[in-house]
Every structure is written in C-alpha cells, then in structure tokens.
There are 2 protein chains.
Amino acid sequence: MQLSNTSKYAIRILSYMAREDSEYLYKSNELAKTLNISYKFLTKIMTELVKGKFILSIRGREGGFRLNNPASSITILDILKHFQAFTDFSTCILGNGACNPHNKCILHDKWASPRKDIRNMFATTTIDIVNSEDFKL
Amino acid sequence: MQLSNTSKYAIRILSYMAREDSEYLYKSNELAKTLNISYKFLTKIMTELVKGKFILSIRGREGGFRLNNPASSITILDILKHFQAFTDFSTCILGNGACNPHNKCILHDKWASPRKDIRNMFATTTIDIVNSEDFKL
DNA sequence: TTTAATTACTACTTTTTGGTAGAATTAAAA
DNA sequence: TTTTAATTCTACCAAAAAGTAGTAATTAAA
C-alpha cells in the first residue's frame, strides 16, 4: 500500500522543478544534492522523465533540465501513471483478475469509494503546489 | 499503490476460510486448488498465518487448518499489518522521513483524508464479509 | 507396525526494484 | 582546437519479493 521509490522521487523532483521560472536549467548535481537522492539513480530517473515528456534536456556544458509544460498542468496522477504506479480501474485491489459487479472480489465494493477519492486527489493535485505553501524537499 | 501478492493471497485465504463452520479443517491442497494459488507458495503463507495466530494447524493425517478466532473479529487491517502492507501513520506517502504539520511533504495535507478513509475501510471490514454476499474466490 | 496424508522446515531459483560504475556524447567556454 | 561540464547509454550489482523443490516430522488409518 505504498508508492515505489521511483515514483516518489519523480514526484519530488518534478515538484521541486516547479519552483524556478521556466528559463532556469536544473543540473542533475544540484537536484541530487538538494533532494538527497543518489546522483546516479537520479540521472536514471531524469532520463525516464525526458522520455515521458515531463521535462526537456539541454545536453552539454551549461546544459540541464527544465519542465516541458506549465507546472500547473502536470498532475501527480500523470506522473504515477507513467511509472505504472496507479493500476487502472478494471483491476481491483485484490488483483484476482478483472472485477465487475457480477464477479467481484470481496473488497470490490468497499474499495470503490476510497479508490475514487485517491484518484481524484492525485488527478487534481499539480506539481506547482509547492509555490502555494512551505514544504520540505 | 497496491498490495503485495502475499497480502492479497492472505486476505483471500482467510476470507475463504470464513465460509465453513469452525470445526472444518481446510487442507492446503483444497485451498491451493480452489483459490488458484501455487501449492508451494500457499503452504509458505499458511505457515506465516499460523505464526501470526490467524489460524491454527493440526498436523499429520486428517490434519489441516482452521481459523483461530471468529471470522467477525478478524479485520483486513489485522492481516495487512501482519504483512507490513500498511505503513504506520507517521510515515507519509512520499516517505521522505516522518511528516508533521511543521515539516511536511507536498502531499501531506492532501493525503491525510484519503488515508484515513482507507484505513477506516480496512479496519471495519472483517473476513466474514464473504458470508453476506456472493464473491469470486 | 507400516503406510498414507498431512503440515513444517530449509534451501534454493527467478523476477522485480533499487542502485552503481564507467564510458560515450554533446556543446559551451577557454 | 582543446578542455570542461553537462547529459546519455550500456552494463552491471544488490536487495527484496515471489515462487519452487525436496525432505523431515507428525499422526491417523489400514
């Protein structure tokens, strides 16, 4: 009942990158230090974020990364989906084949409402939330 | 954002065992077949369930397993906790150290309410739910 | 007392996730 | 044109989770 490290890091990285204006180029080195993520693992995730079109990269000296879209348009759900961290709606929480109202696992009905709420929360929270209040990195 | 296979199996096994009256002894063989879980993996989980006092075992010929307590007293949360599938309340969803109102991750406030609802759902759902309606195994 | 049916134990293999190492590539600056 | 600071790629290593194999221990029935 928790997110993978990769998803967690991705959320923290992207929301941190929502702080500066869109011109600023974040370096892997800076990100790794301030977010306290191993440099090597971070660069792996950065590459994945580039492939997922969340960020764009400028290679070479003076290069770096910046968001590819306005922070207010990137939801937590977008990120989780990319890292397959939020299973789609046909798969139920007990994961015993697809659930439907006529053939449901014992938690099917109980899980429906919380699931909807979580999804909704993830879908309406964007990474620029960092600019509205004080958060730890 | 999902449960481990082991937790899922444990929930399915225990709720299946809530069907028959308390005298009946379930054999690993029967459980593995009806629940479609590999026999070897199932017996591993059964051993764990015995250690966790969820079930008791009768060894030897004509042996088997039965619930150790009334099905109506065993909650899904009990099971998840035993398999460490529900992290405790001090750890936040981004898992970046302990969160508190003065030092919180960006999802701290957003996650609070859904988390409470899920926990509540797990805490109030007992494995005898299978006896109130038709569910798949 | 032997046999068959059952759980329990120990150890291994496989798969997934998390993480690391090192070299290749790029492009600005010197 | 060389150096330097950055991303990218390929490959590996480690830890945890999932799953398998074989055998020992137990007990009732034959």
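Letters A, B, ... mirror the listed sequences (proteins, then strands); counts begin at 1.
Distance, B/R61 CZ to D/dA28 C1': 6 Å, rounded to whole Å. One can place CD1 of A/I13 at 14 Å from C1' of C/dG18, the figure rounded to the nearest angstrom. Here the C1' atom of nucleotide D/dA6 and the CZ atom of A/R66 are 15 Å apart, to the nearest Å. With rounding to whole Å, B/L25 atom CG is found 13 Å from D/dT27 atom C1'.
Among the candidates A/Y9, A/F65, A/F135, A/Y26, the single residue satisfying the ring-ring contact (aromatic ring centres under 6.0 Å, His included) test with A/Y16 is A/Y26.
Base pairing of D/dA11: its partner is C/dT20, meeting the Watson-Crick or G-U wobble criterion (both donor-acceptor distances under 3.5 Å).
OP1 or OP2 of C/dT17 has not a single side-chain nitrogen or oxygen of A/N5 nearer than 4.0 Å. The side chain of A/T6 places an N or O atom within less than 4.0 Å of a non-bridging phosphate oxygen (OP1 or OP2) of C/dG18.
Here B/F83 lies out of heavy-atom contact (under 4.0 Å) with every strand.
Using bins of under 30°, 30° to 60° and over 60° for the plane-to-plane angle, the ring pair B/W111/A/F122 lands in the parallel bin.
If you chain together hydrophobic residues whose side chains sit under 4.5 Å apart, B/Y24 and B/L49 fall into the same group.
For the pair B/E48 and B/H82, the minimum side-chain heavy-atom distance is below 4.5 Å.
With hydrogens and angles left out, the side chain of A/R59 and the base of D/dT8 share no donor-acceptor pair within 3.5 Å.
The CD1 atom of B/I74 sits 12.5 Å away from the CD1 atom of B/I11 when rounded to the nearest 0.5 Å. Put simply, OG1 on A/T126 and CG on A/N69 are 12.5 Å apart, with the number rounded to the nearest 0.5 Å.
The side chain of B/F65 has C/dA8 as its nearest neighbour among D/dA28, C/dA8, C/dA24.
Along DNA chain C, the nucleotide nearest B/I58 and the nucleotide nearest A/Y9 are compared for position; the residue whose nucleotide lies closer to the 5' end is B/I58.
When hydrophobic residues (I, L, V, M, F, W, Y) are linked wherever their side-chain heavy atoms come within less than 4.5 Å, the members clustered with A/L25 are A/L56, A/I58.
Of the residues in residues 27-53 of chain A, those with a non-hydrogen atom less than 4.0 angstrom from any atom of DNA chain C are A/S38, A/K40, A/F41, A/K44.
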